[in-house]
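Please read the structure below before turning to the comments.
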Amino acid sequence: MRLPFVNYGLIALTVLIFLVQSTLPPAAFEAAAINFGMIPIVVRDLYPQPVPWLPDWANLVTYAFLHADWLHLLTNMLFLWVFGDNIEDALGHAKYLFFYIACAVLAALAHLLFNINGNGPLIGASGAVAGIMGAYVLLYPHARVFVLARIVWLIPLPVPAFWMLGFWIASQFFYVLVGSNEPVAWWAHIGGFAAGVVLAPLLRRKGVVLWGGR
């Protein structure tokens, strides 16, 4: 496997941005989310861009590098660290960077489509990470992923990626259908995952097969 320096760079940049965020007072922290998060009515140009020099469309990317708290950050970075290196190897460095940004943009657009008049900021890398998970299902469905299962106590069990990630995306649809009070952008997850499924076959390096990785 090639050194996944793009994946490491994305993790480092995202963590660095959060560390800068965390030094801000609460009001400035919230202002950063408003200024650089993805707000549907701002992207649709129904409300002025909070940062005058920033194009409206730029928030479709910048939102993916902001996080609400440490748990939000660490969860996304853990999934990016576990799955991202294999996808970078399958696509190549430059295509992987394009893939990550494209999944972030398409995830944000999916959120916008189903929250057309939303006035709150979408932040977090979960849409882009969901794209990586979608690609992983196609390229490495048989790879074993350790999950914590409670039988008598928590035990790490190796589960094929197809079942683990399939269960995850099914849960996103479940929450969309039944509703949830959690402040989670379910449609961004679904949109990002779908983007990964579509883009991975188009961007994979020659010789990388579908449904074959272990």
* Does any pair with a residue in residues 8-31 pass side-chain hydrogen bond (donor to acceptor under 3.5 Å, both in side chains), and if so which ones, sequence neighbours excluded? -> none

Return a table of donor-acceptor pairs under 3.5 angstrom between the side chains of residues 198-205 and protein atoms on other chains or two or more places apart.
residue : atom : partner : partner atom : Å
Arg204  : NE   : Pro201  : O            : 3.1
Arg204  : NH1  : Val208  : O            : 2.7
Arg205  : NE   : Asp89   : O            : 2.7
Arg205  : NH2  : Asp89   : O            : 2.7

* To do: Please round to the nearest 0.5 Å and tell me the distance separating atom CD1 of Ile39 and atom CG of Leu46.
  => 12.0 Å

* **Val184 vs Tyr175, side-chain contact (heavy atoms from CB on, under 4.5 Å): CA-CA, chis, key distance, verdict** => CA-CA 10 Å; Val184 177; Tyr175 286 117; over 6 Å; no

* **Whether Gln172 side chain and His189 backbone form a donor-acceptor pair below 3.5 Å** => no

* To do: Anything under 30° is parallel, anything over 60° is perpendicular, the rest tilted; go ahead and classify Tyr100 against Phe65.
  => tilted

* Check the angle between the aromatic planes of Phe173 and Trp187 and answer parallel, tilted or perpendicular using the 30° and 60° thresholds. => perpendicular

* Asked: If you count the non-hydrogen atoms of other residues, nucleotides and ligands that lie under 6.0 Å from CH2 in Trp81, is the total more than 12?
  -> no

* Would you say the side-chain atoms of Asn59 pair up with the backbone N or O of Asn35, donor to acceptor, closer than 3.5 Å? -> yes

* Is there a donor-acceptor contact under 3.5 Å from the side chain of Tyr63 to the main chain of Ala104? -> yes

* Asked: Just by modelled atom types, is the Asn86 backbone N or O under 3.5 Å from a matching donor or acceptor in the Tyr140 side chain?
  -> yes

* Asked: Is there a donor-acceptor pair under 3.5 Å between the side chain of His67 and the backbone N or O of Ala125?
  -> yes

* To do: Check the angle between the aromatic planes of Phe36 and Trp53 and answer parallel, tilted or perpendicular using the 30° and 60° thresholds.
  => tilted

